[in-house]
Number of protein chains: 2
Amino acid sequence: MSRTDAAPGLPPTAALLPVTVDVVGLTVRAGVLQVLLVRRLLEPFAGALALPGGFVLPDETLEAAAARELAEETGVAPPGHLEQLRTYGPLDRDPRGPVVSVAHLLLAPAFGLPAAGGDAVEVAWHDVGPLLSRGGGGRTLAFDHERILADGVERARAKLEYSALATAFCGPEFTVADLRAVYEAVWDVQLDPRNFHRKATGTPGFLEETGRTTSGGTGRPAALYRLAAAAQDPGAVVLNPPLMRPDA
Amino acid sequence: MSRTDAAPGLPPTAALLPVTVDVVGLTVRAGVLQVLLVRRLLEPFAGALALPGGFVLPDETLEAAAARELAEETGVAPPGHLEQLRTYGPLDRDPRGPVVSVAHLLLAPAFGLPAAGGDAVEVAWHDVGPLLSRGGGGRTLAFDHERILADGVERARAKLEYSALATAFCGPEFTVADLRAVYEAVWDVQLDPRNFHRKATGTPGFLEETGRTTSGGTGRPAALYRLAAAAQDPGAVVLNPPLMRPDA
DNA sequence: ACAAAAGTGTTTAGGTTACACCCATGT
DNA sequence: ACATGGGTGTAACCTAAACACTTTTGT
């Protein structure tokens, strides 16, 4: 590995390492938790599924790099909530040598992807369940991305309990049932609609009525809510008391 | 910044960055939360207090680098629990240029430090309170270490609620009062000794009686406990129900 | 009228808080 | 004997789980 002759001022013991960002992009579609994956075109792991990501450029922050890679690989500026997850490496990750990867977590509504099939990178939503079930056999994702995905899913599960991050999976306006579907998909549990409704609408600083209602579906129209206006970042909203996931 | 001509196989767009580890080393002494700080001898920020840390070597993991830097700067192999905190940078952190820093969190009993005063680095425990109070005026720590410290303290506070990490601040055997002192120092609250005792001893998978008791102090001797034997890593123990910190 | 989903009220069980009280030791 | 902290019991309160019930729409 090269030494720091290119970075004047740093001590000669400083090693330079390649730094990448990887993104665990989660969404809820059709009541199921899904993750954004790309098909790798190059070695190593050519043909395998992997998390979107790439190398950090010298003049950008880590979060900017994550957002840029997402935009490049999906073709759209991704909506939703982006936060840092944790950092992996640099050993035993990439057969080419030591690489540090700063993983990020994106929680977003199911946004459209450019029709896969051109010569662009193949990128699509995949159900999370089969990727994490240990019974499924060997490695299903490239590098250590299976572990990073597991860490990302666990982070998302934990954060739904005590923050307003579930709203990041919804559009700007949503019903209590929409929100409950997010909790049920991420936690993989069934929640009582009546108790959930009382808890969600009763938690101060969480939801705000828009005044509008849904129409067209079967059954009574539902009131539309948005994230409380005081909250800029849904990840910063502290739910007190928290919405606890069931033990089972 | 240099390109990756030294790392064959990596694409030419990959930038190499200096990667450091910094450690927020917390302990509880005399009922107060304290942090391990070093006095910087070199520019930048010569003379200022900083978190211990240094550059990652090319052939070690991030956690190994954190443990090595701690051992080098304190002169002893640090006990306690070490985990990754989060990653900062690379922009606007170091006047010498872009640097990525992977911060770690150490929770440990108050271990002895080599008598400061030789030609070694000056390293000592400092009260956390004054370093984080915003009223204290300007920057008290080098680089962005004040923010990293704040993040580390917040992480420690949160983890005491739902994990057995408070035991990492104690020695191998401790009384319930010792453990309560940890919670009171980290959370900066007063807890009811009777209710805390019931909660701590009644939480399954948390504490285990050694059979021994203290002696010598005033008052009735206290039973000595250790972390439940089933737990290898106190950070992995899930307290259910959690020990919640008071609202105030 | 009926089905379906939204939303409210009520009961009950379990956990937390506050505090009265007893226990075991040093002085 | 008394002070000091360790440890147990208990009643009031609070929250959440379970579920009966009402409301409002589409068909």
Side-chain angles (χ1 to χ4, degrees), chain A residues 30-31 160-162 166 170 173-185 187 189-226 238-248, chain B residues 30-31 160-162 166 170 173-185 187 189-226 238-248:
Chain A
L160 289 209
E161 286 195 337
Y162 57 88
C170 302
E173 296 194 358
F174 49 87
T175 67
V176 174
D178 293 336
L179 194 64
R180 177 166 48 86
V182 168
Y183 277 89
E184 291 184 329
W187 286 348
V189 294
Q190 291 273 106
L191 298 175
D192 184 301
R194 291 99 73 174
N195 289 336
F196 182 86
H197 185 279
R198 197 196 342 264
K199 195 75 193 295
T201 57
T203 298
F206 191 11
L207 301 183
E208 197 171 71
E209 261 183 293
T210 66
R212 277 193 294 287
T213 60
T214 57
S215 65
T218 173
R220 170 175 169 177
L224 282 167
Y225 291 83
R226 60 173 159 257
V238 177
L239 261 38
N240 198 348
L243 254 151
M244 305 259 268
R245 54 182 146 167
D247 287 332
Chain B
L160 289 208
E161 286 195 336
Y162 56 88
C170 302
E173 297 194 358
F174 48 87
T175 68
V176 175
D178 293 336
L179 194 65
R180 178 166 48 86
V182 168
Y183 277 89
E184 291 184 330
W187 286 348
V189 294
Q190 290 274 104
L191 299 175
D192 185 301
R194 290 99 69 170
N195 290 334
F196 181 87
H197 185 278
R198 196 197 339 265
K199 194 73 194 295
T201 58
T203 299
F206 191 11
L207 301 183
E208 198 170 70
E209 260 183 293
T210 65
R212 278 192 293 288
T213 60
T214 56
S215 66
T218 173
R220 171 175 168 176
L224 282 167
Y225 291 84
R226 59 172 159 259
V238 177
L239 263 37
N240 196 351
L243 256 151
M244 304 259 269
R245 53 183 147 168
D247 286 331

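In what follows, every chain begins at residue 1, and chains take the letters A, B, ... in the order their sequences are listed.
Residue B/His197 has no polar side-chain atom (N or O) positioned under 4.0 Å from OP1 or OP2 of D/dG6.
When the P atom of C/dT16 is taken as reference, atom CZ of B/Arg245 falls 16 Å away, rounded to whole Å. As a whole-Å value, the separation of B/Leu179 CG from D/dG6 C1' is 15 Å. Atom P of nucleotide D/dA18 and atom NZ of A/Lys199 are separated by 14 Å, given to the nearest angstrom. C/dT16 atom P lies 13 Å from atom CG of B/Leu191, rounded to whole Å. Straight-line distance from the CZ atom of B/Phe196 to the C1' atom of D/dT8: 17 Å, rounded to whole Å. Atom pair B/Phe174:CZ and D/dG6:P shows a separation of 15 Å (rounding to whole Å applied). Regarding B/Asp192, its CG atom lies at a distance of 15 Å from the P atom of D/dG5, rounded to whole Å. Straight-line distance from the CZ atom of A/Arg220 to the C1' atom of D/dT25: 9 Å, rounded to whole Å.
Between A/Asp247 atom CG and B/Asn240 atom CG the span is 5.0 Å, to the nearest 0.5 Å. Atoms CG and CE, on B/Leu160 and B/Met244 in that order, are 14.0 Å from each other to the nearest 0.5 Å. Taking OG1 of B/Thr214 as the reference point, atom CD of B/Glu173 lies at 11.0 Å (rounded to 0.5 Å). Annotation: the span from A/Arg226 atom CZ to A/Arg212 atom CZ amounts to 7.5 Å, rounded to 0.5 Å.
Of the two residues near DNA chain C, B/Thr213 and B/Pro241, the one whose nearest nucleotide lies more 5' is B/Pro241. The residue among A/Gly217 and B/Pro221 whose nearest nucleotide of DNA chain D lies closer to the 5′ end is B/Pro221.
In the set C/dA4, C/dT16, D/dG6, C/dA4 carries the atom at the smallest distance from any side-chain atom of A/Thr218. In the set D/dC19, D/dG7, C/dA6, C/dA6 carries the atom at the smallest distance from any side-chain atom of A/Arg180. Closest to the side chain of B/Arg194, from the set D/dG5, C/dT16, C/dC19, is C/dC19. Side-chain proximity of B/Asn195 to D/dG9, C/dG7, D/dT4: nearest is D/dG9.
Between the side chain of B/Arg198 and the base of D/dG9 there is at least one donor-acceptor pair of N/O atoms closer than 3.5 Å.
Of all heavy-atom pairs between A/Glu161 and A/Arg245, the closest is OE2-CG, 2.8 Å.
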